[in-house]
**Q** 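Structure below; questions to follow.
Just so you know, ligand 1 is whichever comes first in the structure, and atom 1 is the first atom listed for that ligand.
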Amino acid sequence: MAHQSIFGGPVFDMARQQFESVADILEIPDHERGRLLYPKRAMVVTCPIIRDDGQVAVFEGYRVQHHLTLGPTKGGTRFAPNVDIGEVAALAVWMSWKCALAGLPYGGAKGGIAVDPRLLSRRELEILSRRYMQEMIPFVGPHTDVMAPDLGTNEQVMAWFMDTYSMYQGRTVTEIVTGKPVSTGGTLGRRDATGNGVAHLIGRAMLEMGMDPRHATAIIQGFGNVGSVSATTLDRQGVTITGISDRTIALYDPKGFDVEKAAEYVAEHGVLKGFADQAEISPDDLLIQPCDILVPAAVEQVITGKNAGLIKCRILAEAANGPTTPEADAILAQRPDVFVIPDILCNAGGVIVSYFEWVQDLQQLFWNEDEVLERLYQIMDRGFDEVRRLAARKGISNRNAALSVGVERVRNAKNTRGLFP
Ligand SMILES: NC(=O)C1=CN([C@@H]2O[C@H](COP(=O)(O)OP(=O)(O)OC[C@H]3O[C@@H](n4cnc5c(N)ncnc54)[C@H](OP(=O)(O)O)[C@@H]3O)[C@@H](O)[C@H]2O)C=CC1
Ligand SMILES: O=C(O)CCC(=O)C(=O)O
């Protein structure tokens, strides 16, 4: 696929390699590949803010809209120090395959600001969030591009985004972002949706493998929204959580942790450090401790060519986006003992409930939590069944099966709509 592009870097290269593997499986001709892989639009904005000490600081923000073939674009906004346009583009591409696999009427998008939100005061975080949304107003809209939370952002940031957009429209536009607090047009069930979905599909994989949750152990990397909810939900299902971590510390104890208490500790202190420091282990070693279920729930590229042969889990549940590199995938392909639940399937609960939130906001008709959960699990089960059937029929990995379904749906829509001559 010969194509000059500004999108590059290790994370975008990963998305490209995954796409190429699947395009080969699907026998997609070369001339269709660039149109499918490369993003439709990308915005880079400069966000100056006045810091608490009176100095002006300038942050760079990004938003990439991968394709608009099936409806508006959809995806989270990430606040993290190493965010760049290549990473955001890769995350937008993955959102497209994820939404298509779940059957949602969206293309993928992702955005971010290169900033460590923990180094900002609440006031600074608010004005940066508002400035970012203000800069994005010409490019987003309830039927153009709908933002949501991701790494480093939360319900409060979504409320500021929604408020900023609404002030510019002169009316309240709740449907401009999802993942908002319930008090401002959010849906019941969104806060826990990603972690709930992760735990639900781990349950499906355990059932398929004849595993009893009450005798299973899990290690979870990342203890934010997705990691902590995955941990507490698995814990309630009887799984013993033997490893947890965040950026400040990694903890391992074969006897298990009280993860409800850990979540309370993080809610109070902001970090895991100080919760059970006697159980500290190096972050790299945490991933290779024996466990039944390994859940990377933080950042990309943590299961690599170096450690893929060393992990000792039976289920690798990819709660994070892009945690496993193509080199690791090649090693895992030789390890039928590890059941991989690929990211675009495993963490789709978040965007599925975001879709429900958008629909409820557009209709101003709100559902109860049971309705949200029932529809969430229905869509996740359908995706899981589809992926398992295709993987078995074609003798391919769960990742290639999941990507195949997503890519093929986007391709069909593009080809049916046609290419303007
Ligand atoms: N939020 C959502 O609905 C969805 C999120 N995802 C994906 O899930 C992952 C986590 O997102 P989310 O939970 O929302 O983010 P949060 O910001 O809520 O939490 C991130 C967690 O990961 C930790 N972390 C960050 N970097 C590292 C690292 N290098 N090693 C270990 N831990 C680290 C953070 O630690 P610390 O607090 O110390 O910084 C924090 O505990 C991301 O990949 C995201 O794209 C996928 C689908 C939906
Ligand atoms: O809820 C959403 O719209 C998107 C969540 C997200 O960013 C993701 O699935 O990676």
**Q** Students should be able to answer this: which protein heavy-atom is nearest to atom 30 (N) of ligand 1, and at what distance?
**A** Gln221 NE2, 4.0 Å
**Q** Short list, please: which atoms of ligand 2 are under 4.0 Å from a heavy atom of Gly76?
**A** 4 (C), 6 (C), 7 (O)
**Q** Taking the cut-offs as 6.0 angstrom to the six-membered ring centre and 45 degrees off its axis, would you call Arg409 and Trp97 a cation-pi pair?
**A**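 Verdict for Trp97: no cation-pi partner in Arg409.
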**Q** State if Glu300 counts as touching ligand 1 under the rule of any non-hydrogen atom under 4.0 Å.
**A**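 Heavy atoms of Glu300 never come under 4.0 Å of ligand 1.
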**Q** Look at atom 18 (O) of ligand 1 and say which protein heavy atom is nearest, naming residue and atom and giving the distance to 0.1 Å.
**A**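 For atom 18 (O) of ligand 1, the nearest protein heavy atom is Asn225 N, 2.9 Å.
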**Q** For Ser245 and ligand 1, does the shortest N/O to N/O distance drop below 3.5 Å?
**A** no
**Q** Quiz question: by atom type and distance under 3.5 Å, do the side chains of Ser282 and Asp284 form a donor-acceptor pair?
**A** no
**Q** For ligand 1, is any non-hydrogen atom under 4.0 Å from Pro283's backbone (N, CA, C, O), its side chain (CB onward), both, or neither?
**A** neither
**Q** Quick one: does Gly75 get within less than 4.0 Å of ligand 2, heavy atoms only?
**A** yes
**Q** Counting heavy atoms only, which of Leu287, Val226, Asp116, Val229 is nearest atom 13 (O) of ligand 1?
**A**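 Answer by nearest heavy atom: Val226.
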**Q** Nearest protein heavy atom to atom 1 (O) of ligand 2, by residue and atom, and its distance?
**A** Ser354 OG, 2.6 Å
**Q** Are Glu20 and Arg33 within salt-bridge range, i.e. N to O under 4.0 Å?
**A**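 Looking at Arg33 together with Glu20, the answer is yes, because their closest N to O distance falls below 4.0 Å.
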**Q** Quick one: do the Asn398 and Arg388 side chains pair a donor with an acceptor below 3.5 Å?
**A**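 The criterion, which ignores hydrogens and geometry beyond distance, is satisfied for Arg388 and Asn398.
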**Q** Around atom 35 (O) of ligand 1, find the nearest protein heavy atom and jot down its residue, atom name and distance.
**A** Arg247 N, 3.2 Å
**Q** Give the numbers and elements of all ligand 1 atoms closer than 4.0 Å to a heavy atom of Ala298.
**A**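 Per the distance check, 9 (C), 10 (C), 22 (O), 24 (N), 27 (C), 32 (N), 33 (C), 42 (C), 43 (O).
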**Q** Are Glu208 and Arg204 ion-paired here, with the side-chain N under 4.0 Å from a carboxylate O?
**A** no
**Q** Is the number of heavy atoms from other residues, nucleotides or ligands within 6.0 Å of NZ (Lys414) greater than 12?
**A**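 Yes, because the 6.0 Å sphere around NZ of Lys414 holds more than 12 heavy atoms from other groups.
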**Q** For the residue pair Ser354 and Arg190, confirm or rule out a side-chain donor-acceptor distance under 3.5 Å.
**A**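 Yes, because at least one side-chain N or O of Ser354 sits under 3.5 Å from a partner of the opposite role on Arg190.
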**Q** Would you mind running through ligand 1 and noting each atom that sits below 4.0 Å from a heavy atom of Ala319?
**A**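 Taking each heavy atom of Ala319 in turn, ligand 1 has 7 (C), 8 (O), 46 (C) under 4.0 Å.
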**Q** Report yes or no: do Glu32 and Asn415 form a side-chain donor-acceptor pair below 3.5 Å?
**A**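 The answer is yes; a qualifying pair exists.
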**Q** Give the numbers and elements of all ligand 1 atoms closer than 4.0 Å to a heavy atom of Asp150.
**A** 5 (C), 6 (N), 14 (O), 44 (C), 45 (O)
**Q** I need the nearest protein heavy-atom contact for atom 7 (C) of ligand 1: residue, atom name and distance, please.
**A**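 Answer, as residue, atom name and distance: Asn321 ND2, 3.7 Å.
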**Q** Heavy-atom distances under 4.0 Å are what count here, so tell me which part of Lys273 touches ligand 1: side chain, backbone, both or neither.
**A**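 It is neither part, as no heavy atom is under 4.0 Å.
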**Q** Should the ring pair His269 and Tyr265 be called parallel, tilted or perpendicular, given that the plane angle runs from 0 to 90° and is split at 30 and 60?
**A**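 Answer is parallel, since the angle falls under 30°.
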**Q** When only distance counts, is Lys98 in polar contact with ligand 1, meaning an N/O pair under 3.5 Å?
**A**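 Such a contact does not occur with ligand 1.
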**Q** Is it true that Asp52 and Ser121 share a donor-acceptor pair across their side chains at a distance under 3.5 Å?
**A** yes
**Q** For Leu26, is the CG atom crowded, meaning more than 12 foreign heavy atoms sit under 6.0 Å from it?
**A** yes
**Q** Please report the interatomic distance CD1(Ile202) to CE(Met209), rounded to the nearest 0.5 Å.
**A**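 The distance works out to 11.5 Å.
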**Q** Given Arg190, Arg78, Lys74, identify the one with the heavy atom nearest to atom 5 (C) of ligand 2.
**A** Arg190
**Q** Answer side chain, backbone, both or neither: which part of Asp150 comes under 4.0 Å from ligand 2, heavy atoms only.
**A** side chain
**Q** If we only consider heavy atoms of Lys110, is any one of them less than 4.0 Å away from an atom in ligand 2?
**A** yes
**Q** For Lys394 and Ser404, what are the C-alpha separation, side-chain angles and deciding distance, and is it a side chain to side chain donor-acceptor pair (under 3.5 Å)?
**A** CA-CA 11 Å; Lys394 286 201 167 180; Ser404 293; 5.5 Å; no
**Q** State whether the shortest distance between N or O atoms of Val146 and N or O atoms of ligand 2 falls below 3.5 angstrom.
**A**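 Such a contact does not occur with ligand 2.
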**Q** Met95 heavy atoms, cut-off 4.0 Å: which ligand 2 atoms fall inside?
**A** 4 (C), 6 (C), 7 (O), 8 (C), 9 (O), 10 (O)
**Q** For the residue pair Thr324 / Glu318, report whether a side-chain donor-acceptor contact shorter than 3.5 Å exists.
**A** yes
**Q** Which of the atoms of ligand 2 are close to Asn321, meaning less than 4.0 Å from one of its heavy atoms?
**A**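 This gives 10 (O) as the contact atoms.
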**Q** Does either side chain, that of Asn321 or that of Asn347, offer a donor lying less than 3.5 Å from an acceptor on the other one?
**A**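 Yes, a side-chain donor-acceptor pair sits under 3.5 Å.
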**Q** Within ligand 1, which atoms have a heavy atom of Ala320 less than 4.0 Å away?
**A**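 Taking each heavy atom of Ala320 in turn, ligand 1 has 8 (O), 9 (C), 43 (O) under 4.0 Å.
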**Q** Taking the six-membered ring for Trp, are Tyr106 and Tyr355 parallel (under 30°), tilted (30 to 60°) or perpendicular (over 60°)?
**A**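 Plane angle over 60°, so perpendicular.
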**Q** Tell me which part of Thr194 gets within contact of ligand 1: side chain, backbone, both or neither, using heavy atoms under 4.0 Å.
**A** side chain
**Q** Numbering the atoms of ligand 2 from 1, which are under 4.0 Å from a heavy atom of Gly350?
**A** 1 (O)
**Q** Distance to 0.1 Å, residue and atom name: give those for the protein heavy atom nearest to atom 2 (C) of ligand 2.
**A** Ala148 CB, 3.2 Å
**Q** Quick test: of every protein heavy atom, which one is nearest to atom 21 (C) of ligand 1, and how far off is it to 0.1 Å?
**A** Gly224 N, 3.6 Å
**Q** What protein heavy atom sits nearest atom 20 (C) of ligand 1, and how far away is it?
**A** Leu151 CD1, 3.5 Å
**Q** Does a side chain donor of either Thr187 or Gln360 reach within less than 3.5 Å of an acceptor in the other side chain?
**A**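 Judged by distance alone, the side chains do pair up.
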**Q** Would the Tyr132 and Phe161 ring centres measure less than 6.0 Å apart?
**A**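 That pair passes the under 6.0 Å test.
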**Q** Do Lys98 and ligand 2 have an N or O pair less than 3.5 Å apart?
**A**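 Between Lys98 and ligand 2, an N or O pair is found under 3.5 Å apart.
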**Q** Looking at atom 37 (O) of ligand 1, what's its closest protein heavy atom, distance included?
**A**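 Checking every protein heavy atom, the shortest distance to atom 37 (O) of ligand 1 gives Arg118 NH1, 3.8 Å.
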**Q** Give the residue, atom name and distance (to 0.1 Å) of the protein heavy atom nearest atom 32 (N) of ligand 1.
**A**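 Heavy-atom neighbour on the protein nearest atom 32 (N) of ligand 1: Asp246 C, 3.5 Å.
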**Q** Quick test of your reading of the model: are Asp116 and Arg247 salt-bridged, counting only N-O distances below 4.0 Å?
**A**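 Salt bridge present between Asp116 and Arg247.
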**Q** Compare Gly222, Pro81, Gly152, Gly350 and give the one whose heavy atom is closest to atom 23 (C) of ligand 1.
**A** Gly222
**Q** Determine whether the side chains of Tyr38 and Arg16 contain a donor N or O and an acceptor N or O closer than 3.5 Å.
**A** yes
**Q** Is the contact between Ala297 and ligand 1 made by the side chain, the backbone, both, or neither, using heavy atoms and a 4.0 Å cut-off?
**A**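 Ala297 to ligand 1: backbone contact only, side chain stays beyond 4.0 Å.
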**Q** Does the residue Val299 have a heavy-atom contact with ligand 1, meaning some pair of atoms that are separated by less than 4.0 Å?
**A** yes
**Q** State the atoms of ligand 1, each with its element, that fall below the 4.0 Å cut-off from a heavy-atom position in Arg78.
**A** 42 (C), 43 (O), 44 (C), 45 (O)
